[in-house]
Number of protein chains: 2
Amino acid sequence: MYRPEIKVLDCTIRDGGLMNNWDFSMDVVKKVYRALWAAGVDYMEIGYRHDTVQHDVTKSGIWRFCPEEVIREVIHGVAEVPGKERPKISVMADIGKSVESDFLPKAESVVDMVRVATYDKQADKAVAFAKHCRALGYEVSINLMAISHCTEFEMHEALEAFKEAPVSVVVVVDSFGALYSEQVAYLVQKYQKYFTGKSIEVGIHMHNNQQLAFANTIEGIIRGANRLDGTLYGMGRAAGNCPTELLLSFLKNPKFDVRPLLDVISEVFIPLREKVEWGYLIPHMITGVLDEHPRAALAWLKKPERNEFGKFYQLLLEGVPIA
Amino acid sequence: MYRPEIKVLDCTIRDGGLMNNWDFSMDVVKKVYRALWAAGVDYMEIGYRHDTVQHDVTKSGIWRFCPEEVIREVIHGVAEVPGKERPKISVMADIGKSVESDFLPKAESVVDMVRVATYDKQADKAVAFAKHCRALGYEVSINLMAISHCTEFEMHEALEAFKEAPVSVVVVVDSFGALYSEQVAYLVQKYQKYFTGKSIEVGIHMHNNQQLAFANTIEGIIRGANRLDGTLYGMGRAAGNCPTELLLSFLKNPKFDVRPLLDVISEVFIPLREKVEWGYLIPHMITGVLDEHPRAALAWLKKPERNEFGKFYQLLLEGVPIA
């Protein structure tokens with residue numbers, strides 16, 4: 001018996017974009033949108049909306065900025081899937097990298113949801129940003145990043161702030177791919193306690209450094225998380241994310257159909273993986289095990305000694321910066 | 001606080017050999033043995049002992065047969081690791097493919113453990129084989145394969161037989177990579193009930209079709225399984241196994257050290273993966289999701305249309321044999 005409250009968000013273009021500088025063609029993004037639609041996926045996160053004043057728009061693909069007219073071009077150029085609801089569109093705002101004035105009133109936008117990504121230190125800024133977006137008419141989520149680096153006290157402060165925010169979701173984010181199932185269970189249950197009596201769902205966004213992204217997402221489901229993030233073929237930062245194709249094969253809601261995802265993986269992501277390297281690489285496994293930021297492994301993989309894993313492990317243990 | 005009863009068995013050469021027809025050089029097997037020793041791994045499964053009458057010895061590498069003198073050559077040719085116990089040596093016997101007369105008395109052998117692999121239908125044959133090996137002086141394990149295809153009644157019959165066997169371990173084997181964590185929890189707890197009051201530990205051997213091999217091994221640990229199988233860089237049949245490097249990073253027993261494993265992965269398994277294909281390939285994911293034997297995916301991957309995943313999925317759904 002499936003749980004109808006469960007909703008799946010695919011963030012391939014947004015999180016995967018961190019690996020190819022958002023260099024996806026309009027055609028690829030349309031194919032992903034059509035596949036997610038046919039598969040019954042609830043949300044497509046189509047990119048970030050980073051500030052174009054702070055960030056040079058000529059240096060990254062358009063999906064880092066997601067101007068309204070570009071999103072319109074995606075969703076208006078795709079043939080309808082009969083009998084299925086189209087995926088809602090999400091964009092991610094980053095505290096410190098996005099500005100409130102870049103968001104139109106919802107009535108003038110094809111965006112459905114804004115997900116506000118924040119570290120615990122910026123929790124109050126995130127709540128203010130969320131209030132602004134909610135007042136514009138969007139569904140809003142807050143994604144509390146790098147939770148494996150938060151003390152209990154820091155987490156408490158952030159969750160206290162979020163419980164007064166006009167959001168429908170707060171997401172447990174394992175940015176470093178460091179969490180084990182018992183920790184995920186603990187966090188999901190803890191978040192839920194803060195939101196008792198409120199219509200705030202707990203979400204889950206896992207990274208795959210230890211091959212635990214899918215398993216930890218299942219653990220989240222068992223503990224009551226109803227908003228699940230995945231990416232196609234796991235494409236995402238460093239080791240990547242919970243593969244959406246695994247998630248849809250696991251979920252029992254009859255509206256889901258994994259086959260359109262298999263087709264777009266065949267056509268787009270298998271060839272892309274030949275050029276862009278994400279997934280279970282040992283340096284990513286090592287940062288996951290040591291609960292370190294993925295940037296160390298990403299830097300190491302650019303070096304000629306990239307496959308000297310014992311050396312990389314030792315340098316990290318000794319706190320030597322890898323650049 | 002770690003659980004001292006937990007023991008790790010690395011079966012890279014045995015299960016990985018299914019992918020390269022056991023074509024490992026003596027030098028590679030010595031390097032693996034030395035690395036497992038330095039890492040504190042408890043057992044090394046060095047291969048199968050398949051019958052040389054039924055199977056043509058010129059058609060597979062020697063690790064499919066593991067004659068006594070070849071194992072001796074491995075363990076006598078390796079420099080001692082000071083302060084650590086050497087890994088015990090395990091060979092696997094397959095009911096129907098191995099014969100009792102191929103086993104010397106333990107006093108004349110460097111093998112420590114015989115693992116008897118069986119399907120539920122051959123449970124009584126497995127018990128007879130186990131009795132023979134135990135009488136010779138070996139530690140004995142029974143590995144009940146393809147558990148995801150057993151009915152409750154079939155499993156009951158097999159476990160009833162095993163509880164009278166002179167074995168120290170019975171292993172839950174997810175041959176098809178089809179199990180989710182809740183099923184693993186159920187099975188481990190069920191096995192334990194049959195062995196209450198006996199000195200039989202429950203073991204766990206997972207396949208990685210759904211990226212759940214490590215997570216399911218952790219679930220097994222949580223439920224009380226004390227014998228854990230892994231392989232280096234996950235090398236094993238089809239999608240492979242629980243990566244031993246992840247397992248050792250997770251376990252807290254101070255005797256474990258992941259670094260020697262990282263080094264042998266760098267030196268041996270990264271180059272080997274360029275030639276031999278194991279791991280998360282979508283056809284393997286599909287057989288896992290559908291709880292099918294890996295042979296369909298292995299055959300599909302040899303075809304020119306190997307990356308037409310939607311087609312493969314559809315053929316399996318329709319029951320079309322893939323050859």
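Here is the naming used below: chain letters follow the sequence lines, and residue numbers restart at 1 for every chain.
When heavy atoms are compared at a cutoff of 4.5 Å, A:Ser181 approaches chain B solely by way of its side chain, counted from C-beta outward. Interface remark: B:Asn208 contributes side-chain atoms only to the contact with chain A (heavy atom separation under 4.5 Å). For A:Pro243, the part lying under 4.5 angstrom from a heavy atom of chain B is the side chain only.
By a heavy-atom distance cut of under 4.5 Å, B:Gly310, B:Tyr313, B:Gln314, B:Leu317 are the residues of residues 310-323 of chain B near chain A, going up by number.
With hydrogens and angles ignored, the 3.5 Å screen pairs no side-chain donor or acceptor of B:Asp257 with any backbone N or O of B:Ala39.
Interface summary for chain A: among B:Leu290, B:Leu261, B:Ile222, B:Asp263, the most heavy-atom pairs under 4.5 angstrom belong to B:Ile222. If you tally non-hydrogen atom pairs under 4.5 Å between each of A:Ala215, A:Ser266, A:Gly279 and chain B, the highest count goes to A:Ser266. Put simply, of B:Leu262, B:Asn307, B:Val258, B:Ile270, the one with the most heavy-atom pairs under 4.5 Å next to chain A is B:Leu262. Among the candidates A:Arg259, A:Glu219, A:Glu308, A:Glu267, the residue making the largest number of heavy-atom pairs closer than 4.5 Å to chain B is A:Arg259.
Other residues, nucleotides and ligands contribute only 12 or fewer heavy atoms inside 6.0 Å of the CZ atom of B:Arg295.
Look at A:Asp42 and A:Lys255 and you find a salt bridge, because one of the NZ, NE, NH1 or NH2 atoms lies within 4.0 Å of a carboxylate O, short of that distance. The pair B:Glu277-B:Arg306 meets the salt-bridge criterion, with a side-chain N (NZ, NE, NH1 or NH2) lying under 4.0 Å from an Asp/Glu carboxylate O.
Under the 6.0 Å distance and 45° angle rule, A:Arg237 does not count as a cation-pi partner of A:Trp278.
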